Amino acid sequence: MNTYYLTTPIFYVNAQPHLGHAYSTVVADAVCRYQRLLGKDVRFQTGTDEHGDKIVHAAEDAGVSVQEYVDTISAMFRGAWPPLAIAPDNFVRTTDPAHMAVVQAVLQQVYDQGDIYFSEYTGLYCKGCERFLTEKELVDGKCPDHLSEPERISEQNYFFRMGKYQEWLIDHITSHPEFITPERYKNEVLSFLKDPLEDLCISRPTTRLTWGIPLPFDRRFVTYVWFDALINYLSGLGYPAGQDFARYWPAAEHLIAKDILKPHAIYWPTMLKAMGLAPYRRLHVHGYWNMNETKMSKSLGNVVRPGELVAEFGADSVRYFLLREMSFGLDAGFSREALVARHNSDLTNDLGNLFSRSLTMVRNFAQSKVPQPGVPSPQDRELAEAAMAMLAQYREQMDHFAFHRALASVWEVISRANKYIVSTQPWELAKDPQQADRLGTVLYTLLETLRLITLTLRPVMPETAVRMGEALGVAGEMNLNNCGAWGRLVPGAAITPGAQLFPRLQREEKAKPQPPKNSAMQKSETKKEFSSETEPETEGIVTFDTFQKLELRVAEIIGAEKIAKSDRLLKLTVKAPEERTIVAGIAQHYQPEELIGRQVIIVANLKPAKLMGVASHGMVLAAKDGDRLVLSAVSGPVAPGSRVA
Ligand code: MSP
């Protein structure tokens, strides 16, 4: 089948979008991008669910008309997705007249064929769930999701003969092992289906609720929210006559969290069966994002706003975190610290450094061109084979929604490639003209590895992948089937090293360190007005003239190695813009290989000095934080040699 149709839940507009909603929508976007990478014709749908009690109450609380309220919140959902690089093909609203007409047509059809009947019902109704709960579902007499006691309600209503389809549903689930995944949710549904399935109440009297779709055969009632909402998956395709329906429905897959498993795994397939339609192909169920062990939700007031995270970390970093941190199907805890840690370690250090070191070396040692590879050594072959194996694992895991595993296999290759740089030492090869072939092979192997990594990142971090693709000259590579072979980069083609992929983020500080008692900073602060040009130098304070004598420049590190017999010193080769050697006492804080490609600030006019027999032409600036030394940096890439003023 060459089509693919994936939906997210349509979200209630009783609350603004939070990270839980964003997760489902990021997952759906990543999966759709992945399916496109496989060459599929893809349709990705999301939207908002706008009828029901909850929404009327939310509008009342906000003091606006219901229509005004739903328009505003629906627009917030629609607007929340582009900043996260989420690009749905269709956004459904259940208040859209086209959707309402489809719901009414379906109701009429099912009623006409006798699968909807009128009856009286008494049951336990949970306002939060907007449905009747069975005694079995309660925990200590309360709804486990809303922690409130359901109300006993008795009323006349219309019912859908859901029970009639119970045997068919059990059969369908057991004969289609991947109908509901992960397996734990399939088992949950099958275990629920061991008891007789009751018919489903599908109406609400207009005396109780008017904000809904009127039943076409009895205007005293409106449709129950689930019968309305689930049909969005069809109305969004132009059902029944639309071409998109014929094209995409056979390939339909739904993505939800476990809170709405029952409506999707039981109501929806039986509704489809009653309508004479094929069931969807698959239902993918994920767990909850928790905050301090409890589900992130509006009612509990512990939500994180996706827009705030994007503003701070960037869309790709947030997407990566969500997909890498949660094992699909299980719950995961959200913390800002974990996000900062993933950003700094996986993105800035591992991926960002691999990319910038490799491209800087191609710029410095291969004139920014794809080098001609020579005969690969076992070491080169090992990396190439690992990269190809990664691609196969990645596909397997992505096919099964195991995003965290797919990304783990990509990061394993990133880490291998970083180690490969350390052991092949291209900067040493570059010094010896006899090693030109070998250098070409090493750089080519790195570039090809990066090209394959870029392909795998397209679904997950689309903006980063575009930047990487442009730098590697493969911006147009969009197909895993055609582009996943080794050795597609053409020697001589241009490579364009770009800006740093991910800026390093500051970790949240527990307590702000106080400046030392005798620091210049403190003195200037206590003096309040500090005019250095006119002041004579006093202890700890310098005049502007003195400061001007220091020549501070940005230098790019292009080589780094340990100095024999010293456990403190590293010999750095930097461009500032001329090449020079600087000895820096940072060996206990940095590995040589992680320095390549970094830009640091140096004192360029320091009198040369010999340290352990190596002449040092300048000094690298670093911050001392307790026992740690952290190198100085500029916040964006600049031409090596730029003055720091
Ligand atoms: N309107 C119904 C769905 C109708 S679909 C035909 C609804 N809306 S909702 O706004 O409550 O959204 C529920 C969905 O939001 C979950 O299934 C999940 O996709 C997402 N999430 C909301 N909170 C979440 C977490 N804390 N964690 C993960 N996903 C969460 O139910």
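As the structure is a prediction and not an experimental result, all values here were calculated from the model. Scope of the values below: all heavy atoms of this structure, side chains included, with no hydrogens, waters or symmetry mates.
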Roughly how far apart are [X] [atom1] and [Y] [atom2], rounded to 0.5 Å?
X	Y	atom1	atom2	answer
R488	L452	CZ	CG	10.0 Å
L631	L621	CG	CG	9.5 Å
D432	L439	CG	CG	10.0 Å
L407	D346	CG	CG	9.0 Å
R342	L322	CZ	CG	11.5 Å
L347	N353	CG	CG	11.5 Å

Between [Y] and [X], is there a side-chain heavy-atom distance shorter than 4.5 Å?
X	Y	answer
M390	E412	no
K571	T581	yes
E579	T573	yes
V410	I453	yes
E556	R598	no
M361	I421	yes
T449	W486	yes
R33	D29	yes

For residues Q379 and S423, is any side-chain donor paired with an opposing acceptor at under 3.5 Å? yes

Going by atom types alone, do N349 and R504 pair a side-chain donor with an acceptor below 3.5 Å?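 Short answer, yes.
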
Intermediate values then yes/no, side chain to side chain contact (heavy atoms under 4.5 Å, CB included), H284 and V31: CA-CA 11 Å; H284 305 272; V31 170; over 6 Å; no

Would you find a donor on one side and an acceptor on the other, under 3.5 Å apart, between the side chain of [X] and the backbone of [Y]?
X	Y	value
S409	A406	yes
E448	L489	yes
S632	I602	no
T424	V442	no
R319	V460	yes
Y394	T456	yes
H400	A402	no
R405	Q397	no
D331	G287	no
H617	R580	no

Can you list the steps and then say if F44 with W81 is a ring-ring contact (aromatic ring centres under 6.0 Å, His included)? CA-CA 13 Å; F44 165 22; W81 307 141; 9.2 Å; no

Report the C-alpha separation of N418 and R357 in whole Å, then their side-chain angles, then the decisive distance to 0.1 Å, and conclude whether the side chain to side chain donor-acceptor pair (under 3.5 Å) test is met. CA-CA 9 Å; N418 272 321; R357 290 158 78 188; 2.8 Å; yes

Is it true that, when you exclude [X] itself, more than 12 heavy atoms of the residues, nucleotides or ligands shown sit nearer than 6.0 Å to its [atom1]?
X	atom1	result
N481	CG	yes
R568	CZ	no
R643	CZ	yes

With side chain to side chain contact (heavy atoms under 4.5 Å, CB included) as the test, would you mind laying out the steps for V603 and L552 before giving the verdict? CA-CA 5 Å; V603 182; L552 299 179; 3.7 Å; yes

Residue pair [X] / [Y]: nearest heavy atoms and the distance that separates them:
X	Y	value
A555	A576	CB-CB, 3.8 Å
W427	I596	CZ3-CG1, 3.9 Å
A30	L323	CB-CD1, 3.9 Å
H286	F328	CB-CE1, 3.5 Å
R458	A475	NH2-O, 3.4 Å
P640	P577	O-CB, 3.4 Å

Evaluate side chain to side chain contact (heavy atoms under 4.5 Å, CB included) for L354 paired with L446, printing each intermediate quantity in order. CA-CA 9 Å; L354 173 64; L446 280 171; 4.2 Å; yes

Report the residue from L447, T441, L443 that forms a side chain to side chain contact (heavy atoms under 4.5 Å, CB included) with T445. T441

With side chain to side chain contact (heavy atoms under 4.5 Å, CB included) as the criterion, how do F502 and T464 come out once you've worked through the C-alpha distance, each side chain's angles and the decisive distance to 0.1 Å? CA-CA 9 Å; F502 303 97; T464 304; 3.6 Å; yes

Under-4.0 Å salt bridge between [X] and [Y]:
X	Y	result
R438	D380	yes
D399	R395	no
E385	R416	no
E428	K431	yes

